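Following: one structure in structure tokens, then a few remarks.
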Amino acid sequence: MRYAQGGGLTPQGQAAREQVRMRAADGFARGEKNVEIAKRLRVSARSVERWRRSWREGGRQALCISGPAKRPKVGDSNFAELEPLLLNGAIAQGWTDERWTLSRVRVLIAERLGVSLSVRGVWELLRRHGWSCRQPARRAVERDEAAVAGWVKETWPQAKPPRRRSGHGWSSRTRPPSRWAQSRFP
């Protein structure tokens with residue numbers, strides 16, 4: 001099975017995998033069979049077949065690392081343009097509060113850079129450049145403690161699920177108790 005971005009390997013792992021393919025290319029040049037090469041390199045015969053086909057079409061160069069599967073849509077230079085806007089805060093960009101959500105950052109990227117990213121793509125971009133999600137260190141100035149206390153006292157008891165009955169019961173909620181259970185636990 002093939003995986004995106006080099007199988008999730010580090011650059012060192014990708015280089016090691018490339019060395020295995022180069023040893024296979026040496027075997028192709030010597031005229032060895034696929035099964036022999038697969039045993040010697042401890043890989044599947046199917047992989048060796050695929051490498052041989054690439055080697056026939058493009059030589060050793062075809063077995064070299066071709067780089068990442070896809071270049072990021074927003075490069076380092078574009079992010080350097082975006083980062084000061086993020087540091088200025090969400091209010092400076094026209095939002096009503098200071099929260100930077102992934103959706104808001106996505107809109108900012110679309111407006112300023114003209115690039116459409118998914119929410120996941122925005123998260124990957126921010127994480128790649130050292131940003132992380134943060135919770136506020138203190139409570140909001142606008143918080144009304146009396147309203148919160150009233151909600152907890154009046155609304156929450158009605159919204160939360162009822163407590164389970166204590167006492168004997170049975171494990172299945174859909175099946176009635178057996179006659180034995182009814183006679184033992186009236």
Side-chain angles (χ1 to χ4, degrees), residues 1-25 28 41 43-145 147-148 151-152 155-156 158-161:
M1 176 183 283
R2 292 186 183 186
Y3 298 96
Q5 287 84 31
L9 296 177
T10 62
Q12 295 83 12
Q14 289 177 348
R17 186 180 280 177
E18 182 181 22
Q19 287 301 316
V20 171
R21 290 192 303 266
M22 291 303 140
R23 281 190 249 142
F28 301 151
L41 298 178
V43 296
S44 70
R46 187 168 207 130
S47 293
V48 176
E49 289 171 19
R50 192 173 59 245
W51 297 341
R52 185 180 292 271
R53 194 174 320 116
S54 297
W55 177 75
R56 264 193 231 119
E57 294 170 2
R60 290 178 70 91
Q61 191 64 29
L63 298 176
C64 291
I65 296 173
S66 60
K70 188 175 183 183
R71 284 186 39 232
K73 288 183 177 182
V74 179
D76 293 339
S77 60
N78 288 343
F79 191 79
E81 179 184 331
L82 182 69
E83 195 164 23
L85 302 174
L86 294 172
L87 291 172
N88 286 339
I91 291 178
Q93 302 306 319
W95 300 100
T96 57
D97 60 2
E98 275 299 324
R99 288 181 306 131
W100 273 122
T101 63
L102 293 175
S103 297
R104 288 180 178 184
V105 176
R106 181 179 182 217
V107 169
L108 181 69
I109 291 170
E111 288 176 355
R112 299 300 173 119
L113 303 178
V115 176
S116 175
L117 292 177
S118 65
V119 173
R120 166 109 184 176
V122 171
W123 170 241
E124 293 295 330
L125 171 71
L126 292 175
R127 197 177 62 171
R128 189 169 54 243
H129 289 280
W131 287 67
S132 64
C133 60
R134 297 184 181 106
Q135 299 294 327
R138 53 189 165 74
R139 296 194 183 238
V141 176
E142 302 87 9
R143 183 178 167 113
D144 183 4
E145 292 295 333
V148 171
W151 183 88
V152 168
T155 308
W156 174 240
Q158 296 169 354
K160 71 179 182 179

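In this text the structure is predicted, and so the values were computed from the model without any measurement.
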- Considering non-hydrogen atoms only, spot the tightest contact between Leu63 and Trp51 and give its length. CD2-O, 3.6 Å
- Message: Taking CD in Gln61 as the centre, count heavy atoms belonging to other residues, nucleotides or ligands within less than 6.0 Å. Is the count above 12?
- Response: no
- Message: Give me the atom names and distance for the closest heavy-atom approach of Ala90 to Arg104.
- Response: CB-NH1, 4.3 Å
- Task: Please report the shortest heavy-atom distance between Lys73 and Ser116, naming the atom on each side.
- Result: NZ-O, 3.1 Å
- Query: To the nearest 0.5 Å, how far apart are CD in Glu98 and CG in Asn88?
  - Reply: 9.5 Å
- Query: Do you know which two heavy atoms are closest between Arg128 and Val74, and how far apart they sit?
  - Reply: NH2-O, 3.8 Å
- Item | Minimal non-hydrogen separation, Ala62 against Ser54, with atom names | CB-O, 3.3 Å
- Message: Quick one, Arg53 with Glu49, criterion salt bridge (charged side-chain N to carboxylate O under 4.0 Å, His left out). Give me CA distance, side-chain angles, the key distance, then yes/no.
- Response: CA-CA 6 Å; Arg53 194 174 320 116; Glu49 289 171 19; 5.0 Å; no
- For Arg17 and Val20, what are the C-alpha separation, side-chain angles and deciding distance, and is it a side-chain contact (heavy atoms from CB on, under 4.5 Å)? CA-CA 5 Å; Arg17 186 180 280 177; Val20 171; 5.5 Å; no
- Message: Run Val107 and Trp95 through side-chain contact (heavy atoms from CB on, under 4.5 Å) and show every step you take.
- Response: CA-CA 11 Å; Val107 169; Trp95 300 100; 4.3 Å; yes
- Query: Say you draw a straight line from CG of Leu86 to CZ of Arg112; how long is it, rounded to the nearest 0.5 Å?
  - Reply: 10.5 Å
- Item | Rounded distance (nearest 0.5 Å) linking atom CZ of Phe28 with atom CE of Met22 | 10.0 Å
- Message: I need the minimum non-hydrogen distance between Ala80 and Pro84, along with the two atoms involved.
- Response: O-CD, 3.0 Å
- Arg120 side, atom CZ; Arg127 side, atom CZ - distance, nearest 0.5 Å: 7.0 Å
- In this structure, CD1 of Ile109 is separated from CG of Leu117 (nearest 0.5 Å) by 5.0 Å
- Working to the nearest 0.5 Å, report the span between CG of Leu41 and CZ of Arg21. 12.0 Å
- Message: Other residues, nucleotides and ligands only: do more than 12 of their heavy atoms fall within 6.0 Å of CG on Asp76?
- Response: no
